[in-house]
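The structure appears below as structure tokens.
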Amino acid sequence: MLIGVNAENRLQRGDSPIEVLIWMINQCIPVLKQASSLQDKQKKSLLPRHRHSEDQ
């Protein structure tokens, strides 16, 4: 939500929509990577022990 508010502010300041879209994407990528990493860790913790050894 904060990214959207900041994007609106950037548009009002005169930044082009393409620049704002690129900025928004760059803001979201680290968040999505972190969420994906946490999801992978959660999935691995739910696997039975013998399957963990197969992953290594």
Side-chain angles (χ1 to χ4, degrees):
M1 187 165 93
L2 291 175
I3 291 172
V5 171
N6 284 331
E8 181 66 28
N9 289 340
R10 292 174 76 101
L11 288 169
Q12 290 176 0
R13 285 194 315 243
D15 289 358
S16 76
I18 294 296
E19 288 174 329
V20 174
L21 182 59
I22 291 169
W23 175 83
M24 289 178 70
I25 291 168
N26 286 331
Q27 298 303 305
C28 292
I29 289 171
V31 175
L32 293 174
K33 282 184 178 181
Q34 186 177 12
S36 177
S37 175
L38 290 172
Q39 188 176 31
D40 288 345
K41 286 179 184 177
Q42 187 179 34
K43 283 181 185 178
K44 286 182 181 182
S45 71
L46 295 175
L47 291 175
R49 282 283 182 220
H50 67 278
R51 299 209 48 201
H52 270 298
S53 61
E54 293 174 6
D55 291 341
Q56 296 176 351

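Note that these values count all heavy atoms, side chains included, but never hydrogens, waters or copies made by symmetry.
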Residue set satisfying side chain to side chain contact (heavy atoms under 4.5 Å, CB included) with Asn6, at least two apart, ordered chain then number -> Asn9, Trp23
Within this structure, what is the OG-CG distance for the pair Ser45 and Asp40, rounded to the nearest 0.5 Å? 11.0 Å
Test: salt bridge (Lys or Arg N to Asp or Glu O under 4.0 Å). Region: residues 2-22. Which pairs qualify, not counting sequence neighbours? Arg10-Asp15
Can you sort out the partners of Asn26 under side chain to side chain contact (heavy atoms under 4.5 Å, CB included), two or more places apart, ordered by chain and number? Ile22, Ile29
Does atom CG (Leu38) have a neighbourhood of more than 12 heavy atoms from anything else shown, all under 6.0 Å? yes
Same cluster or not: are Met24 and Leu11 linked, directly or through other Ile, Leu, Val, Met, Phe, Trp or Tyr residues, by side-chain heavy atoms under 4.5 angstrom apart? yes
Counting only heavy atoms not in Gln42 (residues, nucleotides, ligands), do more than 12 fall under 6.0 Å from its CD? no
Grouping I, L, V, M, F, W and Y whenever their side-chain heavy atoms are under 4.5 Å apart, do Val20 and Ile3 come out in a common cluster? yes
Name all pairs fulfilling the salt bridge (Lys or Arg N to Asp or Glu O under 4.0 Å) condition that reach into residues 22-36, sequence neighbours left out, sorted by first residue then second. none
